[in-house]
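Contents: one structure, followed by commentary.
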Amino acid sequence: ENIYVMDGSKRSTKANAYFTGFGGKKRVVLYDTLIADLSEEEIVAVPAHEIGHCQRKHMRVLIALSLASGFILCLSLSFFVDQPTVARALGGLTPSPHLGLIGFSMMLLPLSI
């Protein structure tokens with residue numbers, strides 16, 4: 001009942017689908033490119049796959065992981081903001097939020113790759 005088609009062909013040529021929503025507002029969205037490229041049997045399998053993500057609680061796990069990584073990211077940033085060592089390494093005499101943010105972004109780049 002809550003399966004929608006998105007006009008994705010203007011943005012991408014990829015055949016894609018996703019599951020979204022919480023509680024009674026859950027829905028599966030299929031790209032129009034997916035419908036154009038697959039057979040009827042394959043199209044039926046796609047919403048089943050997306051509903052499987054819901055049944056296996058993948059969305060809850062991903063939200064929890066996102067919150068945890070955001071917390072760790074903010075905690076790391078708070079450590080860098082007032083560190084005299086970071087300020088001195090970047091040529092400053094006293095710690096400042098500006099130097100802390102620069103030091104944090106320099107540390108984060110290699111870790112994010």
Side-chain angles (χ1 to χ4, degrees):
E1 168 179 326
N2 287 329
I3 298 177
Y4 297 91
V5 177
M6 178 178 157
D7 183 16
S9 58
K10 292 178 183 175
R11 291 178 219 91
S12 173
T13 58
K14 292 188 178 188
N16 206 354
Y18 63 91
F19 184 87
T20 187
F22 292 103
K25 301 289 184 183
K26 295 176 186 165
R27 55 186 61 147
V28 174
V29 180
L30 307 175
Y31 278 44
D32 59 343
T33 52
L34 180 128
I35 294 171
D37 293 345
L38 300 180
S39 69
E40 185 176 331
E41 187 176 295
E42 292 170 323
I43 292 171
V44 171
V46 172
H49 171 87
E50 297 302 326
I51 291 168
H53 285 302
C54 178
Q55 294 296 319
R56 296 283 183 175
K57 308 217 183 324
H58 291 167
M59 288 180 60
R60 290 181 184 175
V61 170
L62 288 175
I63 289 171
L65 287 173
S66 294
L67 288 172
S69 67
F71 175 77
I72 291 169
L73 193 67
C74 290
L75 189 65
S76 303
L77 176 61
S78 70
F79 173 76
F80 271 81
V81 168
D82 292 327
Q83 279 296 322
T85 311
V86 174
R88 281 193 305 269
L90 294 172
L93 300 174
T94 59
S96 74
H98 303 86
L99 290 174
L101 189 58
I102 292 169
F104 179 72
S105 63
M106 291 172 70
M107 182 269 320
L108 188 63
L109 183 63
L111 293 177
S112 66
I113 291 174

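- Taking OG of Ser105 as the start and CE of Met107 as the end, the distance is 9.0 Å to the nearest 0.5 Å.
- Between Thr33 atom OG1 and Met6 atom CE the span is 9.0 Å, to the nearest 0.5 Å.
- A distance of 12.0 Å separates CZ of Arg88 from CG of Leu99, quoted to the nearest 0.5 Å.
- For the atom pair NZ of Lys14 and CG of Leu34, the computed distance is 13.5 Å after rounding to the nearest 0.5 Å.
- When all heavy atoms of Pro95 and Ala87 are compared, the pair lying nearest together is CA-CB, 3.6 Å.
- Hydrophobic clustering (ILVMFWY, side-chain heavy atoms < 4.5 Å, transitive): Phe104 and Leu111 are in one cluster.
- Within the 4.5 Å cutoff, the side chain of Phe19 has no heavy atoms near those of the His58 side chain.
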Side chains of residues 60-82: which donor-acceptor pairs under 3.5 Å do they make with residues two or more places apart or in other chains?
| unit_1 | atom_1 | unit_2 | atom_2 | d |
| --- | --- | --- | --- | --- |
| Ser66 | OG | Leu62 | O | 2.9 |
| Ser69 | OG | Leu65 | O | 3.3 |
| Ser69 | OG | Ser66 | O | 3.0 |
| Ser76 | OG | Ile72 | O | 2.8 |
| Ser78 | OG | Leu75 | O | 2.7 |

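- Contact annotation: the side chain of Glu50 never approaches that of Lys26 to less than 4.5 Å [non-hydrogen atoms, C-beta and beyond].
- The closest side-chain heavy-atom distance from Glu41 to Val44 is not below 4.5 Å.
- Contact record, Leu90 with Met106: CD2-SD, 3.7 Å, taken as the closest heavy-atom pair.
- Side-chain N or O atoms of Asn16 include none that pairs as donor or acceptor with a backbone N or O of Tyr31 at under 3.5 Å.
- Closest approach of Leu30 to Val46, counting heavy atoms only: CD2-CG1, 3.6 Å.
- Contact between Gly103 and Val86 at its shortest, heavy atoms only, is CA-CG1, 4.0 Å.
- Considering only heavy atoms from C-beta on, Ile35 comes within 4.5 Å of Ile43 through its side chain.
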